[in-house]
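In what follows, chains are A, B, ... by sequence order, proteins preceding strands, each numbered from 1.
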Amino acid sequence: MSNPHEPDELGEDLRRLFADDRLAVPHASGARDAIVAGAQRRRRRRRAASSSAAMAGVLMLAGGVFAIPAPSDAPPPVASSDGTERPPLTQRPGATPDRGSADATDRRLPEPQTFADPGPGAENAEPAPQTAPETLAERREDGMTLDADSVLGPDGYGRVRLGMTFEEARDGELLADPDAEPPEGCEPYALAEGTESVWHVRISEDLGVAVISASGAHTPEGITTGSSREDVESAYPRLRAESGGYHAIAGEDAHYRFVFDNHNDVQQLFLRGDRLGQCAWD
Amino acid sequence: MVSERTDFAEFVEAALPGLLRYGHALTGNPHDAADLVQTVLEKVGSRWSDLQRRTQDPTAYIRRSMANAHISKWRRTRKENLVAELPERKGNPQADPFEHEPLWQALRELPPRQRAVIVLRYYEGLSEQEIAESLGVSQGTVKSQASKAITSLRTKLTAVTEEW
């Protein structure tokens, strides 16, 4: 992205724009309570019936808690994501406290965190190789003495199988959040066992578990994050370059994706279904 | 239960301005920002104590959820409402405080996932690796999305300058 002949003026302009006070969105005084009430309703509904149809309904009940300053000839309320129309926004222009700009110092996150489980072990965003490449190679010649519980592929990881539905994963108590909501499109979920072997699984709404992102897990052929390019090539002679990384066939309907770092070691390792459904944009 | 509720209420009070502002950067307009923040906060609040057990920094978690929800929402919206959305794009300039900002206008035209990558990079100050982990995608994807976005922004900005 950086080009020595073109100083990163655009980057500077973007940072300046994102620091602009006009990004502040004033909210009505009742916004907090409405959100808290909305959350309570969601919880009650989930606990009571927990049919997914019921949950979808709760989402749109508490519309109109934010004030959007608008001219008197304001356009009609915008349609929300699911096509339903929300009630007009409540607070009158002029009664708008300038809350947003006070938050300018909050724009930078203190620590890089993983999305799924920013626990103590995940604070360093760099996935630490579990094993040095040399050791791995030795071990592999020894006849595969890597941790047998931490095998990624050829069609899943542990009890997580590619193509498994969100409900199967959740009801099988595989997800870190037992009350997780189903994916909208494609969303990542941390596993109940923690993030030592797998960062998260991405589940698509239409095809279920589509991608498993390894942290410490290894393939049946002994490749893990930190493995060298040579190890990968000797394990998978038919490795081929694709737009998002290098791919090797894992099983009948699945492949591995390897992303190498500047030292040609595996930085990221994924097991992916050949059909990704709504996760296909990666 | 009561204390959990109070705790969440206090969190919302403190975090709301920042989240709305971030949502504005992410979605490009205050209406969608409000929609997104409300949706994600209600989800999060319905399992607040679980979330607090699992993370030291709920705000970071919420921002990541917003970025993901925004991308997913776009995919669904595009599928179902593409035609209905299009005519709105050019109209309604009064509601937009950045009407005369060519960069903001250029950002509007980015697909949401490219925009999300740009916002995570330049608003949140995240690295490519952190963005990849936030969105659950590969670094190669982040790189290519960012590169497409930057190219497209440059092209649009150049076009604007030449028109004048």
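- If you measure heavy-atom distances from V259(A) to chain B, the contacts under 4.5 Å come from the side chain alone.
- Using a 4.0 Å cut-off between a side-chain N of Lys or Arg and a carboxylate O of Asp or Glu, K43(B) and E184(A) qualify as a salt bridge.
- Contact tally against chain B (heavy-atom pairs below 4.5 Å) for S213(A), G11(A), G245(A): the top residue is G11(A).
- Residues passing the salt bridge (charged side-chain N to carboxylate O under 4.0 Å, His left out) test with D50(B) are R53(B), sequence neighbours excluded.
- Contact annotation for V44(B): neither backbone nor side-chain heavy atoms come within less than 4.5 Å of a heavy atom of chain A.
- Rounding to the nearest 0.5 angstrom, the gap separating the NE2 atom in H200(A) from the CZ atom in R202(A) is 8.0 Å.
- In this structure, the portions of D20(A) lying under 4.5 Å from any heavy atom of chain B include both its backbone and its side chain.
- Y256(A) and F270(A) have their aromatic ring centers separated by at least 6.0 angstrom.
- When the salt bridge (charged side-chain N to carboxylate O under 4.0 Å, His left out) test is applied to E242(A), the partners found at least two apart in sequence or on another chain are R240(A).
- Heavy-atom distances place both the backbone and the side chain of I118(B) under 4.5 Å from chain A.
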